[in-house]
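Position 1 is the first residue of the sequence, and the numbers go up from there. Below, each value reflects all heavy atoms present in this structure, side chains not excepted, and no hydrogens, waters or symmetry copies.
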Amino acid sequence: MADKEPVVERREDEEEVEGASAATGEEEDTGAHVAPIVRLEEVAVTTGEEDEEVLVDMKAKLYRFDKDGSQWKERGTGTVKLLKHKENGKVRLVMRQAKTLKICANHLVISTTKMQEHAGSDKSCVWHASDFADGELKEEMFAIRFGSVENCKKFKDLVEEIAESLLKTEGKESEEGSSAAGLLEKLSVSESKSEEATTKEESTDAGKETDTKSAATSSE
């Protein structure tokens, strides 16, 4: 019995070593390299905002007024931006939904754009616009709600400032246009008077020539 015990112990040790070796063999790197079936190339994504300067970028929730149902409907939650074009200076309002980045508002800020505080909320404001978010111009009434009163005031004040600036510019252009029209009118009147004077002189000269010819004929 004493001779058999050491033999059994040696076999158990051998089994443990073999099991450990097998486990180690499974975890070892075989060096095989599996190439991907499809290679994805980097694609440059354009947003259409590359030529514009960001004036405002805030988180907000947008609503539009449904005329048929006579009620406000949520348009999306995301970021609203005021973007100024670097070349022509035009400013547009763009808002995208947070997850899908779908455009839920896209229109120019013009001289007639007026922001009004929403009744019952000092964090919201309302305005009308010709919006192009759906791919065609639509007259919409929007309401936007910000996370704080400060953000709402900042957004509202900036839009009104842009609209007032455009109104002044249009007024100057209108005055310049009126002045130019006045000058053209004066020039046209002067030209017509000159033409009349020239016509009278020509008719007078023609009359003198006729009288001279008549006198010459009588003397003969």
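By the 4.5 Å side-chain criterion applied to Ile, Leu, Val, Met, Phe, Trp and Tyr, Ile110 is assigned to a cluster that also includes Leu108.
Taking NZ from Lys153 and CG from Asn151, the interatomic distance works out to 12.0 Å, rounded to the nearest 0.5 Å. Asp66 contributes atom CG, which lies 6.0 Å from atom CD of Gln71 (distance to the nearest 0.5 angstrom). Taking OG from Ser130 and CD from Glu136, the interatomic distance works out to 12.0 Å, rounded to the nearest 0.5 Å. Put simply, OG on Ser124 and CZ on Phe142 are 15.0 Å apart, with the number rounded to the nearest 0.5 Å. Here the CD-CE distance, from Glu150 to Met58, works out to 10.0 Å after rounding to the nearest 0.5 Å. Taken to the nearest 0.5 Å, the CH2 atom of Trp127 stands 12.5 Å off from the CD atom of Glu160.
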Only distances under 3.5 Å count here; give the side-chain donor-acceptor pairs of residues 91-103 to other protein atoms, sequence neighbours excluded, each with its distance to 0.1 Å.
from: Arg92; atom 1: NE; to: Glu52; atom 2: OE1; distance (Å): 3.4
from: Arg92; atom 1: NE; to: Glu52; atom 2: OE2; distance (Å): 2.7
from: Arg92; atom 1: NH1; to: Asn106; atom 2: OD1; distance (Å): 2.9
from: Arg92; atom 1: NH2; to: Gly48; atom 2: O; distance (Å): 3.4
from: Arg92; atom 1: NH2; to: Glu52; atom 2: OE1; distance (Å): 3.0
from: Arg96; atom 1: NE; to: Glu49; atom 2: OE2; distance (Å): 3.4
from: Arg96; atom 1: NH1; to: Leu101; atom 2: O; distance (Å): 3.3
from: Arg96; atom 1: NH2; to: Thr47; atom 2: O; distance (Å): 3.1
from: Gln97; atom 1: OE1; to: Thr100; atom 2: OG1; distance (Å): 3.0
from: Gln97; atom 1: NE2; to: Arg75; atom 2: O; distance (Å): 3.2
from: Thr100; atom 1: OG1; to: Lys102; atom 2: N; distance (Å): 3.3

For residues 162-171, tabulate all N or O donor-acceptor pairs below 3.5 Å that involve a side-chain atom, not counting sequence neighbours.
from: Thr169; atom 1: OG1; to: Ser165; atom 2: O; distance (Å): 2.9
from: Glu170; atom 1: OE1; to: Ser111; atom 2: OG; distance (Å): 3.1
from: Glu170; atom 1: OE2; to: Ser111; atom 2: OG; distance (Å): 3.3

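Taking the six-membered ring wherever Trp is involved, the centroid distance between the rings of Trp72 and Tyr63 does not fall below 6.0 Å.
With sequence neighbours excluded, no residue satisfies salt bridge (Lys or Arg N to Asp or Glu O under 4.0 Å) with Arg145. In this structure, Phe132 has no ring-ring contact (aromatic ring centres under 6.0 Å, His included) partners at least two apart in sequence or on a different chain. Every ring-ring contact (aromatic ring centres under 6.0 Å, His included) that Phe146 has, sequence neighbours left out, goes to Phe155.
Asp131 places a side-chain N or O within 3.5 Å of a backbone atom of Ala133 that can act as its donor or acceptor partner.
The closest side-chain heavy-atom distance from Glu53 to Leu83 is not below 4.5 Å. Counting heavy atoms from C-beta on, the side chains of Val56 and Leu158 come closer than 4.5 Å. Two residues are said to be in side-chain contact when any heavy atoms from C-beta on lie closer than 4.5 Å; Asp134 and Lys138 meet this criterion. The shortest distance between side-chain heavy atoms of Glu117 and Lys156 falls below 4.5 Å. Side chains of Asp122 and Cys152 form no contact here, defined as non-hydrogen atoms less than 4.5 Å apart.
Under the 4.5 Å side-chain heavy-atom criterion for Ile, Leu, Val, Met, Phe, Trp and Tyr, Leu62 and Leu55 are members of the same hydrophobic cluster.
Heavy atoms only, all atoms of each residue included: Glu139 and Lys67 are closest at O-NZ, 4.0 Å.
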Exercise for review: Applying side-chain contact (heavy atoms from CB on, under 4.5 Å), run through Glu87 and Asp51 and close with a yes or a no.
Suggested key: CA-CA 8 Å; Glu87 293 183 2; Asp51 296 329; 5.9 Å; no
